[in-house]
Amino acid sequence: MAITDRVPYQAIVDRPRLKLPGGKRIAVWVILNAEEWRIELPMPRTVLSPPMGKALLPDVPNWSWHEYGLRAGFWRQHEALVARGIPATFAVNGKVCTSYARVSEAALDAGWEFMGHGYLQGPMHKLEDQRGEIAQAVDAIERFCGKRPRSWESPGLTETEETLDLLREAGIEYVADWVIDDLPQEIDTPFGAITTIPYTVELNDITVFALQNHESDVFLTRGKEQFSRLYNEARDNARVMAISIHPYITGVPHRIGYLERLFDHICSYDDVAWMTASEIGDWYCAEMARLRT
């Protein structure tokens, strides 16, 4: 079966009417991505081109660009979220739990959900042993948190035809790779259904700044417009909005203020449900079960 055949088409206008907890209108979740890049390997993303067109390893400036995020940028984002009482989903490479234990401890103390994000930063289709790497990531998070992650975001949203099966086999219930809708959707696997959680490549700071090279204020403008439209559509049915951030991108001094202003704008609405990945997944599964009875 083709992988797309496992994700049947559903028009948003035909989806069952879902009710958010507490009479809320729209669910918003924040994904803070914490990744480990190895200095001895080519960087998966760069901010400086190779001098004289010749790539050099170790790539000190581009590795340092990312490293700044976990040393400085993360703490700005952490403060922005904690000060506003916003629950975050911490999409974390398993190795970050030990390599950057100070960062992971802060996320754990804040009560954030730990979401699997590979073991080391790198695409799933380049792994020689996907099952082993998934297990390594899940085990590392479990050792650190005391419980296994229920949700997953593949590095770069990469998958092969067997990834969903391997994730579900490892106990993952919710996956953020499929940016196909503003509501979750179930996908069958031999080990039970796995549920998509609406993620974003449009309100993702990697896309906005590292790929599209926009000015710093664009994240605020785009975020407010995204929220406004989804909030209005939620009059007829619930909607889910994702905000995906990386410490080395929106954690820098000239961008963090715009992220804070976006949080403040959304927080000014009383009927917003700030949720984590598994909270959204649990809500959706419970609603679908209610509608089937």
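None of the values given here were measured: they were computed from a predicted structure.
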With a 3.5 Å cut-off and no angle check, do the side chains of [X] and [Y] form a donor-acceptor pair?
{"X": "T189", "Y": "D165", "result": "no"}
{"X": "E36", "Y": "S99", "result": "yes"}
{"X": "N33", "Y": "S244", "result": "yes"}
{"X": "T160", "Y": "Q130", "result": "yes"}
{"X": "T195", "Y": "E173", "result": "no"}
{"X": "N62", "Y": "T46", "result": "no"}
{"X": "E113", "Y": "S278", "result": "yes"}
{"X": "R45", "Y": "Y248", "result": "yes"}
{"X": "T250", "Y": "Q77", "result": "yes"}
{"X": "H117", "Y": "N93", "result": "no"}

Problem - Donor-acceptor contact below 3.5 Å, side chain Q185 vs main chain P8 - result: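 Here the side-chain-to-backbone pair exists.
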Are side-chain heavy atoms of [X] and [Y] found at a separation under 4.5 Å?
{"X": "M241", "Y": "D182", "value": "no"}
{"X": "V208", "Y": "R222", "value": "yes"}
{"X": "K19", "Y": "W283", "value": "no"}
{"X": "L183", "Y": "N237", "value": "yes"}
{"X": "I172", "Y": "R150", "value": "no"}

Exercise for the section: Report yes or no: is the cationic atom of R239 (NZ for Lys, CZ for Arg) closer than 6.0 Å to the six-membered ring centre of Y231, at no more than 45° off its axis? Expected result: no
Problem - Contact summary for F74 and P247, nearest pair of heavy atoms - result: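 Reported closest heavy-atom pair: N-CB, 3.6 Å.
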Handout entry: Mutual orientation of the aromatic rings belonging to W112 and H78 [parallel < 30°, tilted 30-60°, perpendicular > 60°]
Key = tilted
Exercise for the section: State yes or no: are the ring centers of Y269 and H265 separated by less than 6.0 Å? Expected result: yes
Problem - SB check E225 R229 (cutoff 4.0 Å) - result: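 A salt bridge is absent here (no side-chain N lies under 4.0 Å from a carboxylate O).
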